[in-house]
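Read the structure below first, then the notes.
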Amino acid sequence: MSAYGRMHRKEDARFIRGRGTYTDDVNLPGMLHGAVLRSPHAHAAIVSIDTSAAEAHPKVKAVITGETLAGLRLAWMPTLSGDTQAVLATDKVRFQGQEVAFVVAEDRYAARDALELIDVEYEPLPAVVDARRALDEDAPVIRDDLDGKADNHIFDWQAGDKAATDAIFERAQVTVAQDMLYPRVHPAPLETCGAVADFDRVTGKLTVWCPTQAPHAHRTLYAMVAGIPEHKIRVISPDIGGGFGNKVGIYPGYVCAIVGSIVTGRPVKWMEDRSENLMSTSFARDYHMHGEIAATRDGRIQAIRVKVLADHGAFNGTAQPTKYPAGFFHVFTGSYDLAAAHCEVTGVYTNKAPGGVAYACSFRVTEAVYLVERLVDVLAVELDMDPAELRMRNLLKPGQFPYTSPTGWEYDSGDYPRTLRLALDMAGYDKLRAEQADRRAAGGPLMGIGISFFTEAVGAGPRKHMDILGLGMADGAELRVHPTGKAVLRVSCQSQGQGHETTFAQIVAQELGMSPGDVEVVHGDTDQTPFGLGTYGSRSTPVSGAATAMVARKVRERARVVASAMLEASPEDLEWAEGRWAVRGDPATGKSMAEIALAAHSGLELPEGVEGHLDAVCVYNPPNLTYPFGAYVCVVDVDPGTGQVKVRRFVAVDDCGVRINPMIVEGQIHGGLADGVGMALMQLMAFDEEGNHLGASFMDYLLPTAVECPSWELGETVTPSPHHPIGAKGVGESATVGSPAAVVNAVVDALRPYGVRHADMPLTPANVWLTIQGRPFRTDLAIP
Amino acid sequence: MQVPARFEYERASSVGHALMLLERLGPEARVVAGGHSLIPMMKLRLAQPEALVDINDLAELSHLAVEGDELVVGALVRHARLLADAEAGRLFPILHDAERVIADPVVRNRGTVGGSLCQADPSEDLSAAFSALRATAVIQGPGGARTVPIREFHTGPYETAVEPGELLTELRVPIRPGSGSAYQKVERRVGDWPVAAAGAVLVIHDGVIAEAGIGLTAVGAAHFAAPEAEESLIGQVPGEEAYARAGALAAAHCEPQSDQRGPADYKRHLVGELVRRALARAAERAGRGGLR
């Protein structure tokens, strides 16, 4: 009997009863409360900071400034991209909302009151708001803290074969170019970031409760940066209310809470509020892209080349494997059989919050998929060809796998045409096109049909190529089987809602012939779990899930030896059948894992050199990434009088390989599709000329609700990954990656009678109306 | 961190008690009812009242009934209750149209009609709806009650005719036979403040428009009204041409501001479009019998 399949999530028992424990639920005896004073300016020199009035507040225990931290050599900290970031500003502030001072007080009211007692004198400087002006000769230099820095340039990076690509473009029958912006968006998890830090002066041990997606990486970085011995640091990531990449990095507030605990000798809690989260923590995207596509007149796509201007904000704090400053963006050749491709990416500083890789983006695969799927639609318009037909003509064929892309990725497996065909069939594509034609002929209401076909590269990653700050991206797993046959799995990754406690229990159960209910999954506590890099980039099942399967197989092999002693047969004469070890050909002899576990802990005489017990550990170093893919079809209705867009239908066919718990997979897809609708239609994080953040609350930064979401129509195909032990691929980000292009393609398709070929996200009513008028606006800047 | 500054708190047990508390606590005290505007502003410290007078126990302000030829809406009537009231919806579909697009069910369960009007946010939907309906506000003060026509109630953004020490107690809406009404809003997402919105009330007698009320939201229309557009409709035969002209007049006479919801010219365009649509819907409802 398979342990895979739909089962209710084990963790939901506590969540639906309101019994989860989030960081803000952690309350320790004698705990103090911290609050961060933030910069009102996007760019300003700090003339002076006077904390005396705040320090005189009767409930204030400590006021920490950049100067305090400088004394501890903690005023600056390394970012995940090898840059430095101010913990508390010393010289100047570089984005609105930047951390300037930290107050520790007896309660959170007093901490907040004391912020108003701190007197900071600023000398405002001109701000770099428009990324396209960041490299201008006369642009103010943001990072004058870096030795010899005289501009706002961060990096130039390229991938692919420029000469071969240019050669194809030179003689191509058809080329089309399109500028497009993937605007700055924010993951906006329901639970904001925060920390409870508790430094024990007696033992010298630091315990940090924090909603981190990567508890082990945090522990190691605290040890490296703060100089606290790593065995004296315990990071506990309790229940997390959503991460989406927002909770990968270490934020200044965490460091401040730790320092606050060290200087006061008491636990310190700091929780940011919604506006702090939206203004200062890791955003996503902000890619200004110029894409070109070359093809034959009959619709054979030959090459793509891209130039990207990447806005990284005031500090280069993106989180991705070290070798890849643009993440996995160079997977932009998508799902198509191209002869050549080339991209150049230039990263720049602006006076905005740092970040760039977050929001379920699979290390920039989101931007890549949006680019290629928009380009294909633009080409379809140019060729006057149906976009489904154009895609079908160019998709990779099943026989081409494993397939090496022009930018060097090795796609593991897929049957793309089958998946697209299923999506088109489910949508009733031909009927939809007929309805659209009828409406256009009759001058009726506008409707649009958008397609997106995506291939993701997830599950980072092979240690040889992928590390973060030198930490290789392999994950450990530890499995104990108790004498009565109940198991405890310990994994390094941490769930922010993905359902690991259920899915990973199912993997163990499947491998060992047990019930998932008999497997407890322990995660999120560095004192209790083996090392690993964490949960992001859809890597949990591809890496930690693989480690889980492998450690369970180790246990199974140990059980084989014990069973052979029980059955007085040679291990080679046993076979694993129906979840038991039995003498080959004699299933009645089969011993269950519970029976074997008891024997393994008993006085049973074991063969020479066999230790007994069944526990095992392993480390999984993935041989390759996994490549989930999918075909999405979106149908929208557009009101040209108001510019309002209604998503009428959304068909999503995902292939993420073997599905362990289809219900959890579908839940993740539902969430990602809603995210995609939000990004495409409403999520807007613009900045005015002074660098004021115009989306710093949920009144301004809109998240979609059930009302904006249609009833999702899901389908699936299953192409197992050949190199993953159970054939699974990641799925956590697929829908977020794939859906925005489908929605935008649908809206642009609806507007085709107006000659519209492209419009930037978000397609708010104002943006749609102005696009119809032929005067679209810059969605990254304030509306004039 | 969003926590309010220090404030005093008193819970009133009657209108008289509330007025006494307001007098004692002075002009820096604020009345709190549903609290869905004031409390968030206090948490953000955009508002720092010295004291709150909580009127949630005042059952005498929760009446919602037809009295004579008026619908009377107590100031403490919750949005959800007005939305659920079949008679109010039958008499004034504009109120249900507007309530349906105010915030979300959670806010509507707590937020009050009186609180919405007193907050006087230029983007608040009911202000335009009551303006179109030419309602009357009843304000209670230490010296007794006084009435104020709704088009004199709002004196500016976040400012009303309610003086310190006074309390809005109810709205009175005249019932007009032969009328129909509607409210149309464009929002970026359900529950959002409007990009622009328009309400329309038409009274049609013998196939001719006898009375017209047009309310505008979030577009800088004085008193949330469009008098030039209203004027243009009187004596006209209901129809697309008249609606379009009224829409154009309303668009020409409002003063929308550009913000992240859209540029001013788009909002102006929306006024014309939404006035036209609201008038058509109002006329259709009047024609369906609407009110005898």
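Letters A, B, ... are given to chains in the order of the sequence lines, protein chains preceding strands, and every chain is numbered from 1. Predicted, not measured: the structure shown is a model, and the values here were computed from it.
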Proximity breakdown for B:R261 and chain A, heavy-atom pairs closer than 4.5 Å: both
NZ/NE/NH1/NH2 to OD/OE distance under 4.0 Å, A:R775 and B:D265: yes
Side chain, backbone, both or neither of A:L702 within contact of chain B (heavy atoms, under 4.5 Å): both
Parallel, tilted or perpendicular, as decided by the 30° and 60° cut-offs, for the rings of A:Y251 and A:Y254: perpendicular
Heavy-atom pair count under 4.5 Å with chain B, highest-scoring of A:H33, A:E272, A:R108: A:R108
Max heavy-atom pair count under 4.5 Å with chain A, selected residue of B:R45, B:R188, B:R6: B:R45
Interface moiety of A:E116 toward chain B, non-hydrogen atoms closer than 4.5 Å: side chain
A:L37 portion near chain B, given a 4.5 angstrom heavy-atom threshold: neither
Electrostatic pair A:R38-A:E276, nearest N-O below 4.0 angstrom: yes
Region of A:D688 in contact with chain B, defined by heavy-atom distances below 4.5 Å: neither
Ionic contact status for B:R281 with B:D97, cut-off 4.0 Å: no
Option that, when pairs with chain B are counted at under 4.5 Å, heavy atom only, ranks first among A:T192, A:T764, A:L703, A:N767: A:L703
Options A:L681, A:T642, A:V645, ranked by heavy-atom pairs under 4.5 Å with chain B, top entry: A:T642
Segment of B:Q48 engaging chain A (4.5 angstrom heavy-atom cut-off): side chain
Chain A contact via B:P4 - which portion, at a heavy-atom distance below 4.5 Å: both
Polar contact flag, side-chain donor to acceptor under 3.5 angstrom, B:S116-B:Q119: no
Contact class of A:P784 relative to chain B, heavy atoms under 4.5 angstrom: backbone
Derivation of the side chain to side chain contact (heavy atoms under 4.5 Å, CB included) call for B:L126 and B:I102: CA-CA 9 Å; B:L126 283 187; B:I102 289 175; 3.7 Å; yes
Which portion of B:V195 sits near chain A, non-hydrogen atoms under 4.5 angstrom: neither
N-O pairing of A:D760 and A:R778 below 4.0 Å: no
A:P704 versus chain B, the contacting section by heavy-atom distance below 4.5 Å: backbone
Side chain / backbone / both / neither for B:E273 at chain A, heavy atoms under 4.5 Å: side chain
B:Y266 and A:W769 aromatic ring geometry - parallel, tilted or perpendicular at 30°/60° bounds: tilted
Pair B:D104 + B:R189: basic N to acidic O under 4.0 Å: no
Verdict with reasoning, B:D259 to B:K267, per side chain to side chain contact (heavy atoms under 4.5 Å, CB included): CA-CA 10 Å; B:D259 58 19; B:K267 294 183 181 182; 2.9 Å; yes
When A:E708, A:M271, A:M699, A:M682 are compared by non-hydrogen pairs under 4.5 Å with chain B, the top option: A:E708
Region of A:L770 that comes under 4.5 Å of a non-hydrogen atom in chain B: side chain
Positive for side-chain hydrogen bond (donor to acceptor under 3.5 Å, both in side chains) with A:R184, one of A:D780, A:T779, A:D286: A:D286
